[in-house]
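Every value quoted in this text rests on a predicted model; they were computed, and no experiment measured them. Proteins get letters first, then strands, A, B, ... in listed order; numbering begins at 1 in each.
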Amino acid sequence: MSVRQASLRWPVTDGIEERVIGQRVVDVTRRAKYLIIKLEKGSILVHLGMSGSLRVVEPKAEWRKHDHIEVSFGNGAVLRYHDPRRFGSWLWSLGDHHQLMHLGPEPLLSEFSGEHLWKRSRGRKIAVKPFIMDNKVVVGVGNIYASEALFRSGIRPDRSAGRVSRKRYDVLAGHIKDVLKAAIDQGGTTLRDFVNSSGEPGYFQQTLSVYGRGGKQCVVCDSVLREIRLGQRSSVFCPTCQR
DNA sequence: ACACTAACCTGCAAGC
DNA sequence: TGCTTGCAGGTTAGTG
């Protein structure tokens, strides 16, 4: 492994290059937005942030701007990590996976449900949008998908999480699952410089009803979509369809 | 315990 | 045209 730029979201774990030498890859899994590359005596936790990508390149391929890390395998393959905004991370973990310990359920599993959201939100005053974006509540729901799921559910993003009914949380959990599945089917949402592992953009942005459409007309009722800020994130909603 | 803000970084777009 | 400013994204440390 060779680290050219160690200054990512967090500093790349000191000494990671030496620690991985000679170790076999035992398994590759995922938890939340972390890729877990399990070696014989520990794991590499890779997060792509918002602009990170992994690509297999020719051995000795020239380093492009924003290529920060590469891993050379025993069979000659070379994996290159590219990340213009450096919001990703490469951390070495000895099994405890400190970063992953307090995460909520995966959104596409049955443990994530309206009941879960309802239980976790009782007594909470936080707005429902930052609530569902909280990794301790459920993982994987970023700003785009939170905005779209709330629109489909008819829930205003600034409503108190504790004041959303059990029934509406059932609806919301269903839409979160649907929005995520649809986005995955369409290869993700391309904002500016995103590309997938084949270098292709995603197409889900063609399906967005509210995200990035502040001031435009609601696709359902033609009202002007409102844009507010919640937890430093822009939040667009329809004042007529969402209550 | 909870709510909220700032910070990390770069490229792009809007405004002057 | 060229400069400056603000925003986007995911996550967590820090403050109240």
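- Summarising the geometry, the separation between CZ on A:Arg85 and C1' on B:dC9 is reported as 9 Å, rounded to the nearest angstrom.
- When the side-chain nitrogen and oxygen atoms of A:His66 are compared with OP1 and OP2 of B:dG11, one or more of them lie within a distance under 4.0 Å.
- A:Leu35 pairs with exactly one of A:Leu54, A:Thr29, A:Leu48 by the side-chain contact (heavy atoms from CB on, under 4.5 Å) rule, that one being A:Leu54.
- Remark: A:Ser89 is not in phosphate contact with C:dT11, judged by side-chain N or O atoms under 4.0 Å from OP1 or OP2.
- Across all strands, A:Gly231 comes closer than 4.0 Å to no nucleic acid atom at all (heavy-atom distances).
- Considering only side-chain N and O atoms, A:Arg9 lies nowhere under 4.0 angstrom from the phosphate OP1 or OP2 of C:dT11.
- Atoms CE (A:Met50) and P (C:dC7) sit 15 Å apart, rounded to a whole Å.
- Comparing A:Gln232 and A:Ile126 by the nucleotide of DNA chain B that holds the closest heavy atom to each, the one mapping nearer the 5' end is A:Ile126.
- Taking the six-membered ring for Trp and thresholds of 30 and 60 degrees, A:Tyr81 and A:His68 have ring planes inclined between 30 and 60 degrees apart.
- Distances shorter than 4.0 Å separate some side-chain N or O of A:Arg229 from OP1 or OP2 on C:dA8.
- Going from atom CZ of A:Phe87 over to atom P of B:dA7 covers 12 Å, rounded to whole Å.
- A:Arg233 comes within 4.0 angstrom of a nucleotide base, judged by non-hydrogen atoms across all strands.
- Closest to the A:Gln99 side chain, of the nucleotides C:dT12, C:dG10, B:dT10, is C:dT12.
- A salt bridge does not link A:Glu227 to A:Lys216: none of the charged nitrogens lies less than 4.0 Å from a carboxylate oxygen.
- In this structure, A:His47 atom NE2 and B:dC8 atom P are separated by 19 Å, rounded to whole Å.
- If you measure from atom CG of A:Leu91 to atom P of B:dC8, you get 18 Å, rounded to the nearest angstrom.
- Distances shorter than 4.0 Å separate none of the side-chain N or O atoms of A:Lys125 from OP1 or OP2 on B:dA3.
- Atom CH2 in A:Trp90 sits about 19 Å away from atom C1' in B:dC9, given to the nearest Å.
- Here A:Ser234 lies in heavy-atom contact (under 4.0 Å) with sugar-phosphate atoms only.
- With respect to the salt-bridge test (charged N to carboxylate O, under 4.0 angstrom), the residues A:Arg64 and A:Asp67 qualify.
- In this structure, CG of A:Leu103 is placed 15 Å from P of C:dG10, rounded to the nearest angstrom.
- As judged by a 4.0 angstrom heavy-atom cut-off over every strand, A:Asp83 is placed among residues making no nucleic acid contact.
- The residue A:Lys65 sits close only to the backbone: its heavy atoms come under 4.0 Å of sugar-phosphate atoms, none of a base.
- Atom-to-atom, CG of A:Asp67 to P of B:dT10 comes out at 14 Å; the value is rounded to the nearest Å.
- Judged by the 6.0 Å and 45° rule, A:Arg80 forms a cation-pi pair with A:Trp63.
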